[in-house]
There are 2 protein chains.
Amino acid sequence: MIRRCDVKELDGRSYRCFFELTLQVVGGKWKPIILYHLWLEKVLRFGALKKTMPGITQRMLTKQLRELEADRLISRVAYNEMPPRVEYSLTELGESVIPIFQAMRNWGMEFEKSVAGELITGEHYESVDAVE
Amino acid sequence: MIRRCDVKELDGRSYRCFFELTLQVVGGKWKPIILYHLWLEKVLRFGALKKTMPGITQRMLTKQLRELEADRLISRVAYNEMPPRVEYSLTELGESVIPIFQAMRNWGMEFEKSVAGELITGEHYESVDAVE
DNA sequence: CGGTATCCCACGCGATACTG
DNA sequence: CAGTATCGCGTGGGATACCG
């Protein structure tokens, strides 16, 4: 059985397998959190989104949102008001990744349990997740 | 509804949500491919593994394998022979991530289709994956 | 309020050489 | 064959300042 490992090019992106492609689109430090929060709240303004993500800078949030929009995972609606108002929400494509996040979330929980259980017992681990 | 975003520490690793934890353990450029190939072949020697992954350097492969081993996703068996022989295989924990890869693989395929379908039609896209 | 524009750093990843 | 040891770069991510 021969395994190919060609590099594919699509729309200015290059990747060697679909896992890698998926990571490029929804991976990284912030994108999963953005998508998950949008899924929970349906619609969020820029400021509200920022408030749910302590630690992110405006520049970073804008950048991630632009990329997600370019990949059509989210839609952006700007109202011509003063002060400005911009609302973000998931597209259908964006909603379709949520099950993957949940699967990874669950796996991470199990992994944490198994690691914690292996460390010297007696310590108690609080479970506080960033997106629940 | 208040959302916390505390940073958790576990076993020398820090993360803010389980998605992030999962990515730290099985993410990156090479780990998914290593795990997927081990899943397909059950047992692989260092050299055989390297052969299935064009482009990876020895140093990188060793590093990734050590990390996966430390996280108990793979097991390493070294035989005291000359020349040396080392065999890698998935642990039960390692096997438990495979469904996630498959889900991401499937999502990546659908995403590629939707992007390709959106570009000027007439071009033909060959589908060659690194891990199948 | 919802952004850009600059500047900058850490680190994931790689190239190369050497070894039991 | 299956590894270390060194060196080094590109880029994902961050700090800060300014704008319509």
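Keep in mind that what you see is a predicted model, and the values were worked out from it rather than measured. Labels below follow one simple rule: chain letters A, B, ... track the order of the sequence lines, proteins then strands, and each chain is numbered from 1. Computed from heavy atoms alone, side chains included, the values below leave out hydrogens, waters and symmetry copies.
B:Trp107 and B:Phe111 have parallel rings, their planes meeting at less than 30° on a 0 to 90° scale where 60° marks the start of perpendicular. The aromatic rings of A:Phe101 and B:Phe19 sit perpendicular, their planes meeting at an angle over 60°, well past the 30° parallel limit.
Contact between the side-chain N/O atoms of B:Trp30 and the OP1/OP2 oxygens of C:dG14 is found at a separation under 4.0 Å. For D:dG14, one of the phosphate oxygens OP1 or OP2 lies less than 4.0 angstrom from a side-chain nitrogen or oxygen of A:Lys29. Listed pair A:Arg76 / C:dG3 meets the phosphate criterion, a side-chain N or O lying under 4.0 Å from OP1 or OP2.
Rounding to whole angstrom units, CD1 of residue A:Ile34 and C1' of D:dG13 are separated by 13 Å. Whole-Å rounding puts the B:Leu49 CG to D:dG3 P distance at 10 Å. To the nearest angstrom, C1' of D:dA2 lies 13 Å from CG of B:Asn80. Between B:Ile56 atom CD1 and C:dC13 atom P the separation is 10 Å, expressed in whole Å. For the pair A:Lys50 NZ and C:dC1 P, the computed distance is 11 Å after rounding to whole Å. In this structure, the CD atom of B:Gln58 is 20 Å from the P atom of D:dC7, given to the nearest Å. Rounded to whole angstrom, the span from the CE atom of A:Met60 across to the P atom of C:dG2 amounts to 19 Å. In this structure, the CG atom of A:Leu61 is 14 Å from the C1' atom of D:dG14, given to the nearest Å.
To the nearest 0.5 Å, the span separating CD1 on B:Ile34 from NZ on B:Lys50 amounts to 12.0 Å. We find the CG-CZ distance between A:Leu68 and A:Arg76 to be 13.0 Å, quoted to the nearest 0.5 Å.
Judged by distance alone, with hydrogens and angles left aside, the side-chain atoms of A:Glu41 form no donor-acceptor pair with the main-chain N or O of A:His37 at under 3.5 Å. A donor-acceptor pair under 3.5 Å is formed between the side chain of A:Thr22 and the backbone N or O of B:Gly108.
A residue-by-residue look at A:Gly47 and B:Gln64 shows that A:Gly47 has its nearest nucleotide of DNA chain C further toward the 5' end. For the pair A:Lys63 and A:Met82, nearest-nucleotide mapping onto DNA chain D gives the more 5' position to A:Lys63.
When heavy atoms are screened at a 4.0 angstrom cut-off, A:Tyr88 is found touching the sugar-phosphate backbone but no base atom.
Checked against C:dA15, C:dA5, C:dG3, the side chain of B:Arg59 finds its nearest nucleotide in C:dA15. In this structure, of C:dG3, C:dG20, D:dA15, it is D:dA15 that holds the atom nearest to the side chain of A:Thr57.
Residues A:Tyr79 and A:Glu87 are in side-chain contact: their nearest non-hydrogen atoms beyond the backbone lie under 4.5 Å apart.
Each end of the helix from C:dC1-D:dG20 to C:dG20-D:dC1 gets its own axis from five base pairs, and the two axes differ in direction by 50°, given to 10 degrees.
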